> 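Quick one: the structure is below, and I'll ask about it shortly.
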Amino acid sequence: MNTTNEMVQQPETISQDVRVAPPVDVYENADEILMLVDVPGVDDAGLSLRLEGGQLDLEARQVPLEHEGFQPVVFARSFTLPRSIDSDGVSAKLEQGVLSVRLRKSEAAKPRRIEIKTS
Amino acid sequence: MLSRWSNWGLYDFDRQFERTLADFDSVRREMNRLFDGNYRQSRAARSVGWPRIALFDQGANLVVRAELPGLNEKDVNLSIDQGVLTLRGERSAPPPEGYSVHRQERAHYRFARSFTLPCKVDVEKTKAALENGVLTVTLPKAPEEQPRQIAVRAS
């Protein structure tokens, strides 16, 4: 067995991101769906939210440290949204390492009170 | 209840029986805790590895980095006693007012982690900052522990 040769033949690998699924809370009220995601060590620049075809893709990249030995992670998770979400009404805010995403419901999906008339 | 006999076999059986009863008792206590509604908290308390913490030796400083999403300055308590650094805190994640809950993965955590520092540090100059949910503690090493260059001379 020639180990040296094997090592030479192996293709070089590019170090890949460590992807982690962050914990998420999902809440709902009459107007919106609220998602809270733990993404510590992520700044605005490292955050990407994409809404396409009823799917919300979240990617949050930790700010790397100059110190070696620390492996920054990428928080990544996808959600399938209900049809009732207004795709223009999505807003996000990052505070103390917690991302809050507000998904506004479309007007048609909001609960409505129907008057009952007695004849 | 069985009485204890001088016969060893029966004595063993007796002890075994008592142990089984004790097992039942611990199961019952666990069930009670489950139904007390404290389950969420107890599960969080039992899980290890929160917060995620890294320690570095940067030569002149020791650095502690802890990921504490959702914590304010007042939620974190940091102390140094006889070369042991202790980080305590609590993260509560109550559901917001007026919302119904679909999914709750962000647990309530109460944590305390202690680290024996590998060398003397200058406590007065120690700094701690909380940014983007990450606590960074910078502990400058004591003057006698600072890295030093030693000149090599040819004799």
Side-chain angles (χ1 to χ4, degrees), chain A residues 18 20-47 56 58 60-75 77-82 84-85 92-105 111, chain B residues 40-41 43-44 47 49-76 87 89-109 111 113 118 128-139:
Chain A
V18 178
V20 176
V24 177
D25 284 356
V26 182
Y27 302 105
E28 182 178 354
N29 71 5
D31 300 320
E32 61 178 15
I33 290 176
L34 170 65
M35 298 197 330
L36 301 176
V37 192
D38 280 349
V39 288
V42 174
D43 59 6
D44 292 340
L47 199 63
L56 182 70
L58 160 72
R61 208 165 273 275
Q62 278 190 326
V63 179
L65 293 189
E66 58 267 43
H67 198 274
E68 58 176 298
F70 174 75
Q71 171 79 63
V73 300
V74 179
F75 297 103
R77 217 163 151 172
S78 295
F79 305 90
T80 308
L81 301 180
S84 54
I85 293 303
K93 197 170 68 178
L94 189 59
E95 252 177 340
Q96 290 143 359
V98 178
L99 175 73
S100 52
V101 184
R102 288 173 191 276
L103 307 153
R104 208 173 58 212
K105 291 183 187 174
Chain B
R40 199 169 165 230
Q41 193 178 322
R43 182 193 56 183
S47 82
W50 204 96
R52 185 177 177 231
I53 293 180
L55 295 106
F56 311 111
D57 187 333
Q58 287 185 334
N61 303 311
L62 296 174
V63 177
V64 181
R65 179 188 186 277
E67 295 184 350
L68 304 169
L71 270 81
N72 283 316
E73 301 87 62
K74 58 175 170 43
D75 303 322
V76 186
L87 172 66
E90 188 166 352
R91 200 285 288 268
S92 53
E97 274 307 289
Y99 286 81
S100 60
V101 178
H102 279 289
R103 186 189 285 256
Q104 253 179 334
E105 297 169 354
R106 300 167 62 247
H108 175 149
Y109 287 107
F111 60 90
R113 301 275 295 268
L130 197 56
E131 195 191 353
N132 290 331
V134 174
L135 175 75
T136 308
V137 188
T138 311
L139 307 126

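Treat the numbers as computed from the prediction; the structure is a model and nothing was measured. The analysis underlying the following values was restricted to heavy atoms, covering all of them including side chains, and did not include hydrogens, waters or symmetry mates. All chains are named by letter (A, B, ...) in the order of the sequence lines, taking the proteins before the strands, and each is independently numbered beginning at 1.
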> Measure the CZ-CG distance between B:R65 and A:L65 for me, rounded to the nearest 0.5 Å.
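The CG atom of A:L65 is 5.0 Å from CZ of B:R65, to the nearest 0.5 Å.
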> Nearest 0.5 angstrom please: A:D25 CG to B:R103 CZ, how far?
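If I round to the nearest 0.5 Å, the distance is 10.0 Å.
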> For A:E28, enumerate each residue passing the side chain to side chain donor-acceptor pair (under 3.5 Å) test, keeping only those at least two apart in sequence or located in another chain.
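Side chain to side chain donor-acceptor pair (under 3.5 Å) list for A:E28, sorted by chain: A:K105, B:H102.
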> Is there a salt bridge (Lys or Arg N to Asp or Glu O under 4.0 Å) between A:D38 and B:R91? Walk through the geometry before answering.
CA-CA 12 Å; A:D38 280 349; B:R91 200 285 288 268; 3.1 Å; yes
> Side chain from CB out, backbone as N, CA, C, O: work out which of these in A:V42 comes under 4.5 Å of a heavy atom of chain B, or both, or neither.
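When you check distances to chain B, only backbone atoms of A:V42 fall under 4.5 Å.
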> Might you point out which heavy atoms bring A:Y27 and B:P95 nearest each other, and give the distance in Å?
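Distance-wise, the nearest heavy atoms are CE2-CB, 3.5 Å.
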> Among all residues two or more places apart in sequence or in another chain, which pass the ring-ring contact (aromatic ring centres under 6.0 Å, His included) test with A:F79?
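Partners of A:F79 under the ring-ring contact (aromatic ring centres under 6.0 Å, His included) test: none.
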> Considering only heavy atoms, which portion of B:D57 lies under 4.5 Å from any heavy atom of chain A: side chain, backbone, both, or neither?
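For B:D57, backbone heavy atoms alone lie under 4.5 Å from chain A.
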> At a heavy-atom separation under 4.5 Å, does A:L36 approach chain B through its side chain, its backbone, both, or neither?
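Both backbone and side chain.
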> With a 4.5 angstrom heavy-atom cut-off, could you sort out which part of B:L130 is near chain A: side chain, backbone, both or neither?
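Contact with chain A is absent: no heavy atom of B:L130 under 4.5 Å.
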> Can you confirm whether more than 12 heavy atoms, excluding those of B:Q58, are under 6.0 Å from its CD atom?
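Enclosed.
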> What residue in A:L34, A:V24, A:D43 has the most heavy-atom pairs under 4.5 Å with chain B?
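The answer is A:V24.
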> Mind ranking A:G97, A:P40, A:P22 by heavy-atom pairs under 4.5 Å with chain B and telling me who comes out on top?
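Most heavy-atom pairs under 4.5 Å with chain B: A:P40.
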> Is it the case that the side chain of A:Q96 and the backbone of B:G70 share a donor-acceptor pair, with hydrogens and angles ignored and the cut-off at 3.5 Å?
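A pair under 3.5 Å: no.
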> Rounded to the nearest 0.5 Å, how far apart are OH of B:Y99 and CG of A:D31?
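Spacing of OH (B:Y99) from CG (A:D31) equals 8.0 Å.
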